[in-house]
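To start, the structure under review is shown below, and the notes come after it.
Chain letters run A, B, ... following the sequence lines, proteins first, then strands; residues in each count from 1. Atom set for the values below is all heavy atoms of this structure, side chains included, hydrogens, waters and symmetry mates excluded.
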2 protein chains.
Amino acid sequence: MKIVVADDDRQMLGALRIILTAHGYDVLVAADGRQALDAAIEGHPDLVVLDLGMPGLDGLAVIDAIRGWSTVPILVISGRTDSAEKVDALDRGADDYVTKPFATDELLARIRALVRRMPTADDEPRVAFADVIVDLATRRVTRADSPVRLTPTEWRILELLVRNPDRLITRETILTEVWGPHHTSDSGYLRLYLAQLRKKLEADPAHPRHLITEAGMGYRFVPQGE
Amino acid sequence: MKIVVADDDRQMLGALRIILTAHGYDVLVAADGRQALDAAIEGHPDLVVLDLGMPGLDGLAVIDAIRGWSTVPILVISGRTDSAEKVDALDRGADDYVTKPFATDELLARIRALVRRMPTADDEPRVAFADVIVDLATRRVTRADSPVRLTPTEWRILELLVRNPDRLITRETILTEVWGPHHTSDSGYLRLYLAQLRKKLEADPAHPRHLITEAGMGYRFVPQGE
DNA sequence: CGGCTCCGTTCGGATTCCGTAAGGAGACGG
DNA sequence: CCGTCTCCTTACGGAATCCGAACGGAGCCG
């Protein structure tokens with residue numbers, strides 16, 4: 001769940017970043033309207049938290065710009081309490097409006113309420129190699145148009161590799177990403193799962209062409225094995 | 001555009017009715033929680049404006065009851081300004097929370113913002129699989145042309161799955177969507193409801209073809225089980 | 001060639017997870 | 001007050017999954 005937070009007050013911005021990160025959100029910060037707009041475009045967030053009192057590009061203009069191409073929920077934060085600005089912001093496309101100062105737990109509850117309304121974003125890519133299709137949106141893997149059953153651990157490893165094509169993933173990275181930050185020593189089970197994945201996805205498991213071992217370092221997913 | 005307005009303060013209720021009617025809404029009034037619930041059930045409104053401080057059936061209980069079978073937007077009005085009640089109301093399924101006293105134009109703007117998010121009841125899809133038809137607009141389920149009785153919780157789980165066909169829904173997602181954001185541990189009751197749904201909808205509950213279990217991960221609704 | 005490291009593979013037990021049944025707590029209507 | 005409905009806890013058998021241990025092979029170096 002990715003959130004863009006825009007506020008020109010550095011202290012407030014930092015506080016929001018810490019709070020939201022602590023509650024499990026991925027946070028992209030922006031210190032002015034221009035950065036907010038860029039972050040909203042580049043980051044594909046699930047929510048935008050926008051302070052209205054920003055220099056440069058005005059907060060209301062940011063709402064207009066975002067609404068020009070996106071329906072992402074926008075939660076406005078503002079120091080102004082007069083209803084005129086609330087009405088203006090809401091009618092331009094904002095979904096909620098909170099006045100400073102605000103209670104942190106209320107902000108979090110309003111964020112949850114907005115995210116709850118969001119249809120699950122399905123801009124997840126579909127990765128294909130050989131006769132295998134990995135659909136990250138539906139969490140489904142098909143090979144030659146027939147479904148492949150993966151265990152949860154197998155899926156997590158495959159997802160990690162597939163999301164980073166052509167990049168080398170160290171064994172340590174896989175262990176911490178899949179088994180948690182405390183697992184750094186491999187007593188052999190990682191190789192087991194890689195073997196399992198190859199058995200299920202590679203044409204010739206003994207000579208893999210897409211799930212490549214980099215000796216001494218880790219593994220690499222190659223979409224188009226020559 | 002039909003709105004249910006519930007408030008035990010007759011003066012406030014009348015004022016809201018006049019204001020909303022003047023702005024082109026059809027208004028159904030309710031003077032207590034029981035009437036509010038009845039109106040929300042009978043009237044099929046596009047929005048519910050709910051005062052929390054009502055005698056008899058509590059406002060929070062009304063939210064629970066409505067959310068048991070409907071996703072209609074709920075805007076809460078309350079005299080209490082403490083964040084605890086705001087958080088509670090929002091997490092139970094309210095979409096917005098306005099404290100008294102409030103500016104009329106702000107309330108109207110928030111209503112517009114909520115209605116804007118709502119898909120009209122007409123474009124709600126009707127999902128069909130095997131001999132079962134799930135009508136998301138009327139919230140009815142029929143099997144072989146005869147109606148199927150679902151409990152509120154059963155309906156919510158089915159709706160979540162049916163709205164995301166072919167997609168894997170994690171157990172955690174179901175719990176937070178159906179039971180609220182603070183429920184993350186399943187002590188077994190989720191499996192119960194899935195078994196119940198399968199018993200009511202699957203031809204062979206022991207070998208489901210549409211409500212599929214993905215071991216260790218979650219559940220998946222497959223419209224066309226081959 | 002011998003020793004070493006690293007990787008792939010097989011096997012099987014321990015653990016977790018799932019489906020099902022039985023039943024209690026609480027709300028509701030009569 | 002009592003029957004009904006819904007929700008949820010507990011318990012248990014069976015299946016799926018996880019992972020430790022051990023073995024063999026490939027590559028590297030002296």
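The distance from atom OH of A/Y193 to atom C1' of C/dT9 is 15 Å, rounded to the nearest whole Å. Separating the CG atom of A/L190 from the C1' atom of C/dG8 is a distance of 13 Å, rounded to the nearest angstrom. Spacing between atom CG of B/L37 and atom C1' of C/dA27 amounts to 13 Å, rounded to whole angstrom units. Between the CD atom of A/Q196 and the P atom of D/dA16 there is a distance of 14 Å, rounded to whole Å. A straight line from CG of A/L175 to P of D/dC18 spans 14 Å, rounded to a whole angstrom. In this structure, A/E154 atom CD and D/dA16 atom P are separated by 14 Å, rounded to whole Å. A straight line from NE2 of A/H207 to P of C/dG8 spans 12 Å, rounded to a whole angstrom. The distance between atom CG of A/L197 and atom P of C/dG8, rounded to the nearest whole Å, is 12 Å.
Place A/Y189 and A/R149 on DNA chain D by their nearest nucleotides, and A/R149 ends up nearer the 5' end.
A distance of 7.0 Å separates CG in B/L52 from CG in B/D58, rounded to the nearest 0.5 Å.
In this structure, B/R80 pairs ionically with B/D82, as a charged nitrogen and a carboxylate oxygen lie closer than 4.0 Å.
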N/O contacts under 3.5 Å, protein versus nucleotides 17-21 of chain C?
unit_1 : atom_1 : unit_2 : atom_2 : d
C/dC18 : OP1    : B/R171 : NH2    : 2.2
C/dC18 : OP1    : B/G216 : N      : 3.2
C/dC18 : OP2    : B/R171 : NH2    : 3.1
C/dG19 : OP1    : B/R198 : NH2    : 2.5
C/dG19 : OP1    : B/T213 : OG1    : 2.4
C/dG19 : OP2    : B/Y219 : OH     : 3.0
C/dG19 : N7     : B/R191 : NE     : 3.3
C/dG19 : O6     : B/R191 : NH2    : 3.2

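Heavy-atom neighbours of A/R126 CZ from other residues, nucleotides or ligands within 6.0 Å: at or below the threshold of 12. Crowding of B/D204 atom CG: a count of heavy atoms from other residues, nucleotides or ligands under 6.0 Å exceeding 12.
Side-chain contact, B/R139 with B/T71: a donor N or O sits under 3.5 Å from an acceptor N or O. The closest side-chain donor-acceptor pair between B/R167 and B/T173, if any, does not fall under 3.5 angstrom.
At distances below 3.5 Å, not a single donor-acceptor pair connects side-chain atoms of A/R140 with backbone N or O atoms of A/P147.
Looking at heavy-atom distances under 4.0 Å, B/T151 makes contact with sugar-phosphate atoms alone, never a base.
One finds a side-chain N or O of A/W179 lying less than 4.0 angstrom from the OP1 or OP2 phosphate oxygen of D/dC19.
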